[in-house]
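Numbers restart at 1 for each chain; the letters A, B, ... are given by sequence-line order, proteins then strands. Computed from a prediction, not measured in an experiment: that's the story for all the values here.
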Protein chains: 2
Amino acid sequence: MRQDSRLSRMLHVLIHMGHHDGAMTSEMIAKMLDTNPVVIRRTMAGLREKGYVTSEKGHGGGWTLARPLDELTLLDIYRAVGEPSVFAVGPAYDMPGCVIEQAVNATLKDVFAEAEQLLLQRFAGVTLAEIARDFSRPTRPDNAGESECQDGNPDDLLA
Amino acid sequence: MRQDSRLSRMLHVLIHMGHHDGAMTSEMIAKMLDTNPVVIRRTMAGLREKGYVTSEKGHGGGWTLARPLDELTLLDIYRAVGEPSVFAVGPAYDMPGCVIEQAVNATLKDVFAEAEQLLLQRFAGVTLAEIARDFSRPTRPDNAGESECQDGNPDDLLA
DNA sequence: AAATCATGTAACTTATGTTGTGACGAATCT
DNA sequence: AGATTCGTCACAACATAAGTTACATGATTT
């Protein structure tokens, strides 16, 4: 099943913002994530509602981080993007009449709840600042493309 | 995001089969799950490939459990239905060039892997027989509809 | 005041995967 | 032979994130 990438993308954006002086426009961000400015505004809206970022219209406007990266956890961002359902599998019905299906659902519910709790605990324990510090652990063995992504203004690169 | 209910449904079916003498037709099963016989055959095919059930064509044919419920775990069934991706959220790209996104993905990958490992461990530790024994823990407080679901032959009810 | 820039938002399309459905062939039993 | 039942293909239905277009609103610059 296709996966929801809003959490991953917002983390990416926010860390960039933490390394960026001044506001970033939706268009800059969209280029970084290889997507559309509207998608950015749509997703960032959740962060704005939580007070994690602010947005300004007009000349020199754009998005600004409203608190430092070490005061934002994965859990904060997860909740800000709508707290989507973590699991792609689940019961067919919530309240079946059949006692067998009730037992199945109860068991699955327990197991999934435990895994979700662990996940959210871990989310709560990781700040964006810690991820940003984690550049020493690249996913790829080769060093090709080991740089921050472009945002249209190469001057803004910090790596 | 809509959830994959194949695991839950197959658990439901298999436990019914464990309580049922003789073969069950796809049509009977479909009525129990309030769905279509083709969906049943499609999903049960995975179980047959693993050797957990057998199917017979023609008169008196249908599906039969090939091993007792206490020799089947949630993990077995999960894998038999295609081992679908557990999580509904994930990274936008697997191999981004940007080091920031790499760090984000690495962090998320770790956390999700830990949660998935826990989940699968729990799956491996629960047999279908244990779920079947678990009828004493109903999800609903009221007792309305506290019976096995119909399969067209009320005689077959065991509750 | 006008032009420009940038967000805000609605509406529509696209993409992906499960589920639902109809049709038809193959195998098995009576 | 006829009825039953699985096996499978093909396609529609549905849900949701993502992509896109269009236009209104507000802020800054000139």
Side-chain angles (χ1 to χ4, degrees), chain A residues 1-10 12-13 17 22-31 33-49 53-64 66 78 81-93 151-153, chain B residues 1-10 12-13 17 22-31 33-49 53-64 66 78 81-93 151-153:
Chain A
M1 204 165 223
R2 186 136 125 277
Q3 290 186 317
D4 183 337
S5 62
R6 283 176 296 177
L7 172 62
S8 142
R9 288 182 150 175
M10 287 304 100
H12 183 185
V13 168
M17 287 171 67
M24 295 182 76
T25 68
S26 300
E27 193 160 5
M28 286 165 57
I29 297 172
K31 274 187 183 129
L33 302 202
D34 194 32
T35 181
N36 194 288
V38 177
V39 175
I40 300 301
R41 292 187 191 114
R42 192 188 285 158
T43 315
M44 299 281 283
L47 304 182
R48 184 183 49 223
E49 280 165 20
V53 298
T54 57
S55 59
E56 294 289 340
K57 293 181 177 178
H59 265 278
W63 299 88
T64 314
Y78 166 70
V81 298
E83 203 156 359
S85 102
V86 178
F87 299 106
V89 310
Y93 308 103
D151 59 7
N153 285 328
Chain B
M1 197 166 233
R2 186 135 129 278
Q3 291 187 318
D4 183 337
S5 61
R6 285 176 295 178
L7 172 62
S8 141
R9 288 182 150 176
M10 288 303 100
H12 183 185
V13 169
M17 287 171 67
M24 294 182 74
T25 69
S26 300
E27 193 160 5
M28 284 165 57
I29 297 172
K31 274 188 184 129
L33 301 201
D34 195 30
T35 180
N36 194 290
V38 177
V39 175
I40 300 303
R41 294 188 189 113
R42 192 188 285 157
T43 315
M44 298 281 283
L47 304 182
R48 184 183 50 224
E49 281 165 19
V53 297
T54 57
S55 59
E56 294 289 338
K57 293 181 177 177
H59 264 280
W63 299 90
T64 314
Y78 166 71
V81 298
E83 204 156 357
S85 99
V86 179
F87 298 106
V89 310
Y93 307 104
D151 58 7
N153 285 327

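A distance of 8.5 Å separates OG1 in T54(B) from CH2 in W63(B), rounded to the nearest 0.5 Å. The structure places CZ of R41(B) at 10.5 Å from CZ of R48(B), a figure rounded to the nearest 0.5 Å.
Note on S55(B): a side-chain N or O is less than 4.0 Å away from OP1 or OP2 of dG7(D). Taking only side-chain nitrogens and oxygens, T25(A) never comes nearer than 4.0 Å to OP1 or OP2 of dA6(C). Proximity of T35(A) to the phosphate of dA18(D): no side-chain N or O atom is located under 4.0 Å from OP1 or OP2. At the phosphate of dA17(D), neither OP1 nor OP2 sits under 4.0 Å from any side-chain N or O atom of S5(A).
Rounded to whole Å, the distance from CH2 on W63(B) to C1' on dC6(D) is 7 Å. Atom pair M44(A):CE and dT9(C):P shows a separation of 14 Å (rounding to whole Å applied). Rounded to whole Å, atom P of dG20(C) lies 7 Å from atom CG of N36(B). Atom C1' of nucleotide dT16(C) and atom CD of Q3(B) are separated by 17 Å, given to the nearest angstrom. When rounded to the nearest whole Å, the span between NZ of K57(B) and C1' of dT5(D) equals 9 Å. In this entry the distance linking CZ of R6(B) with P of dT18(C) reads 5 Å, nearest Å. Between L33(B) atom CG and dT18(C) atom P the separation is 17 Å, expressed in whole Å. Separating the CD1 atom of I29(A) from the P atom of dA6(C) is a distance of 12 Å, rounded to the nearest angstrom.
Using a 4.0 Å heavy-atom criterion, one finds that R42(B) contacts the bases of the nucleic acid, with or without backbone contacts as well.
Taking the side chain of V39(B) as heavy atoms from C-beta on, and the options dC6(D), dG20(C), dT20(D), the nearest nucleotide is dG20(C). For D4(B), taking side-chain heavy atoms from C-beta onward, the closest of the listed nucleotides dT28(D), dG7(D), dT18(C) is dT18(C). The listed nucleotides are dT8(D), dA17(D), dT21(D); the one nearest the side chain of V38(A) is dT21(D).
In this structure the side chain of R9(B) never reaches within 4.5 angstrom of the side chain of T43(B), judged on heavy atoms. Side-chain contact between M44(B) and V13(B) is present, with at least one heavy-atom pair separated by less than 4.5 Å.
At distances below 3.5 Å, not a single donor-acceptor pair connects side-chain atoms of Q3(A) with backbone N or O atoms of P91(B).
For the pair D34(A) and E56(A), nearest-nucleotide mapping onto DNA chain D gives the more 5' position to D34(A). Remark on DNA chain D: of its neighbouring residues R41(A) and R9(A), the 5'-side contact belongs to R9(A), judged by nearest-heavy-atom nucleotide.
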